[in-house]
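Read through the structure below, which is laid out as structure tokens, and then see the notes.
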Amino acid sequence: MIFGPVPVAEAEGAILAHSMPAGSGRIAKGTVLETEHITALAEAGHAEVTVARLEPGDVEEDPAAEKLARAIVTDPNVQGVRISGAGAGRVNLYATCPGVAEVLADKIAAINAVHPMITVATVPNLHRVDAGTMLATIKIISYAVPAAALEDACAAAERALYVLGCKFEQATLIETQAGDKAPSAKGRAAMIARTERLGLKMSDRVIVPHNSTAISQAIAAAPGDFLFILTVSATSDPNDVAPEAVRAAGGQVEAYGMPVDPGNLLFFGDVAGKPVIGLPGCARSPALNGADWVMERLICGVPLTQRDISAMGVGGLLKEIPTRPRPRASATGQDGA
């Protein structure tokens with residue numbers, strides 16, 4: 001592509017690089033200049049204009065963006081991604097279902113390394129999305145790019161982006177109580193909102209005494225194929241009541257504790273092929289916490305290990321709450337107890 005100033009009289013057929021006043025209005029940038037534009041510019045007193053001219057082998061911005069989008073999304077139904085129309089060298093990609101976005105970072109980086117005028121920006125990998133959430137924007141910065149560069153970018157792009165949807169039919173939330181007082185419905189309401197947003201329905205309420213035997217029996221009887229445990233008292237050790245109940249039910253605990261705050265006191269594992277998450281107390285609130293990151297991924301079929309949990313520390317400080325009983329930092333700036 002040739003870019004630069006030319007005399008107005010020689011600009012016909014070129015792409016106007018900057019909006020220009022002419023006649024009673026303005027000629028928008030990106031306009032392919034025709035005879036009437038040249039006349040209007042000359043009558044407005046412009047001697048030269050900055051334009052772009054395509055060379056042999058160049059691909060205009062909109063067709064280039066569309067081609068790259070189709071290289072990324074080769075099967076919209078399988079990938080759960082919709083391609084928008086093109087405009088000003090831009091095409092957006094949108095989720096067609098709730099879930100988490102799987103972004104293949106190496107492929108996106110390879111696309112962006114081909115040519116500085118070819119760009120793709122995405123949401124973070126494993127970002128939770130709803131139907132209609134924008135996942136990525138493809139932008140051809142210049143008015144055209146070399147066809148060879150576009151071909152290289154497309155070759156690197158195949159299926160670089162997916163939406164992973166819900167893999168389960170129904171969840172069961174097991175709540176515990178101390179004494180005869182039933183737990184507040186607040187926690188269940190918050191969890192229903194979380195699961196239904198991902199397309200996972202919640203079974204009827206299950207409340208049992210706060211002991212391993214009762215929880216283990218509830219696990220065995222649970223109708224859901226994805227299980228949550230929300231205890232009246234925080235799970236403060238890998239051998240506490242709820243993790244022991246998972247083991248007593250024939251399951252295993254994969255990980256306990258996470259470097260995410262709020263959300264430290266979480267565990268997860270498996271019972272007879274059913275994922276089970278022991279929720280931290282902060283899950284009673286609809287605010288973002290570490291349980292969201294774990295449940296979103298497991299519900300959408302993303303495997304998790306202790307190693308994955310340990311890697312969540314960077315970015316894991318989600319909220320500072322100055323008024324909590326044991327603040328993270330005192331008013332003087334010193335570490336709290």
Side-chain angles (χ1 to χ4, degrees), residues 128 171-179 181-195 206-216 218-219 222 226-249 251-271 274-299 302 304-329 335-337:
R128 192 195 56 74
T172 294
L173 173 64
I174 300 168
E175 301 171 80
T176 70
Q177 66 181 26
K181 185 178 180 181
S184 166
K186 177 182 175 182
R188 178 174 171 83
M191 290 306 300
I192 288 174
R194 287 183 168 99
T195 56
V206 177
I207 302 173
V208 299
H210 186 70
N211 63 70
S212 294
T213 300
I215 299 172
S216 175
I219 290 171
F226 196 104
L227 308 181
F228 297 100
I229 303 172
L230 183 58
T231 52
V232 65
S233 178
T235 299
S236 55
D237 188 86
N239 295 312
D240 208 338
V241 170
E244 280 296 289
V246 171
R247 298 184 188 100
Q252 61 183 359
V253 175
E254 177 68 34
Y256 169 78
M258 64 186 309
V260 179
D261 197 356
N264 300 132
L265 303 180
L266 173 145
F267 72 89
F268 73 90
D270 178 275
V271 177
K274 296 181 180 183
V276 55
I277 299 176
L279 296 166
C282 57
R284 293 184 175 89
S285 165
L288 178 67
N289 64 81
D292 289 291
W293 288 358
V294 173
M295 63 172 281
E296 288 163 4
R297 299 181 194 191
L298 290 178
I299 287 172
V302 179
L304 280 178
T305 65
Q306 180 67 67
R307 182 183 181 91
D308 298 312
I309 299 299
S310 299
M312 292 179 179
V314 176
L317 180 58
L318 301 181
K319 188 175 182 181
E320 175 63 33
I321 308 173
T323 58
R324 63 183 283 154
R326 293 179 179 269
R328 298 168 180 82
D335 289 342

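Residues Ala218 and Val208 come closest through the heavy atom pair CB-CG1, 3.9 Å. In this structure, Ala255 and Gln306 approach most closely via the heavy-atom pair CB-OE1, 3.2 Å. Shortest non-hydrogen contact noted between Pro275 and Asp270 is N-OD2, 4.1 Å. Pairing each heavy atom of Ala190 with each of Pro286, the nearest pair is CB-N, 4.2 Å. Shortest non-hydrogen contact noted between Asn289 and Pro280 is OD1-CG, 4.2 Å. In this structure, Thr176 and Val232 approach most closely via the heavy-atom pair OG1-N, 2.7 Å.
Between Trp293 and Leu318 there is a side-chain heavy-atom pair separated by less than 4.5 Å. Residues Ile219 and Ile229 are in side-chain contact: their nearest non-hydrogen atoms beyond the backbone lie under 4.5 Å apart. At a threshold of 4.5 Å between non-hydrogen side-chain atoms, the residues Arg297 and Asp308 do not count as touching. Contact annotation: the side chain of Val241 never approaches that of Thr231 to less than 4.5 Å [non-hydrogen atoms, C-beta and beyond]. Side-chain contact between Ser184 and Arg284 is absent, with no heavy-atom pair separated by less than 4.5 Å. Side-chain atoms of Tyr256 and Leu265, non-hydrogen and from C-beta on, do get closer than 4.5 Å to each other. Taking the side chain as every heavy atom from C-beta outward, Val294 and Ile309 approach each other to under 4.5 Å.
Taking SG from Cys282 and CG from Leu288, the interatomic distance works out to 9.5 Å, rounded to the nearest 0.5 Å. In this structure, the separation between CD1 on Ile207 and NZ on Lys181 is 12.5 Å, given to the nearest 0.5 Å. We find the CG-CD distance between Asn211 and Glu244 to be 12.5 Å, quoted to the nearest 0.5 Å. Note that the CD atom of Glu296 and the CG atom of Leu304 stand 11.0 Å from one another [nearest 0.5 Å]. In this structure, CZ in Phe228 is found 11.0 Å from CD1 in Ile174, a value given to the nearest 0.5 Å. With rounding to the nearest 0.5 angstrom, the CE atom of Met258 is 5.0 Å from the CE atom of Met312.
A donor-acceptor pair under 3.5 Å is absent between the side-chain atoms of Arg194 and the main chain of Ala291, judged by distance alone. A donor-acceptor contact shorter than 3.5 Å is absent between the side chain of Ser216 and the backbone of Ser212. Of the possible polar contacts, one joining the Gln177 side chain to the Gly179 backbone as a donor-acceptor pair under 3.5 Å is found.
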Arg247 vs Val253, test: side-chain contact (heavy atoms from CB on, under 4.5 Å). Steps then yes/no.
CA-CA 7 Å; Arg247 298 184 188 100; Val253 175; 3.9 Å; yes
Just do the side-chain contact (heavy atoms from CB on, under 4.5 Å) check on Arg128 and Asp292 with the steps written out, would you?
CA-CA 9 Å; Arg128 192 195 56 74; Asp292 289 291; over 6 Å; no
Phe267 and Val246: CA distance, side-chain angles, deciding distance, side-chain contact (heavy atoms from CB on, under 4.5 Å) verdict
CA-CA 10 Å; Phe267 72 89; Val246 171; 3.8 Å; yes
Could you go through the side-chain contact (heavy atoms from CB on, under 4.5 Å) check for Phe226 and Thr195 one step at a time?
CA-CA 10 Å; Phe226 196 104; Thr195 56; over 6 Å; no
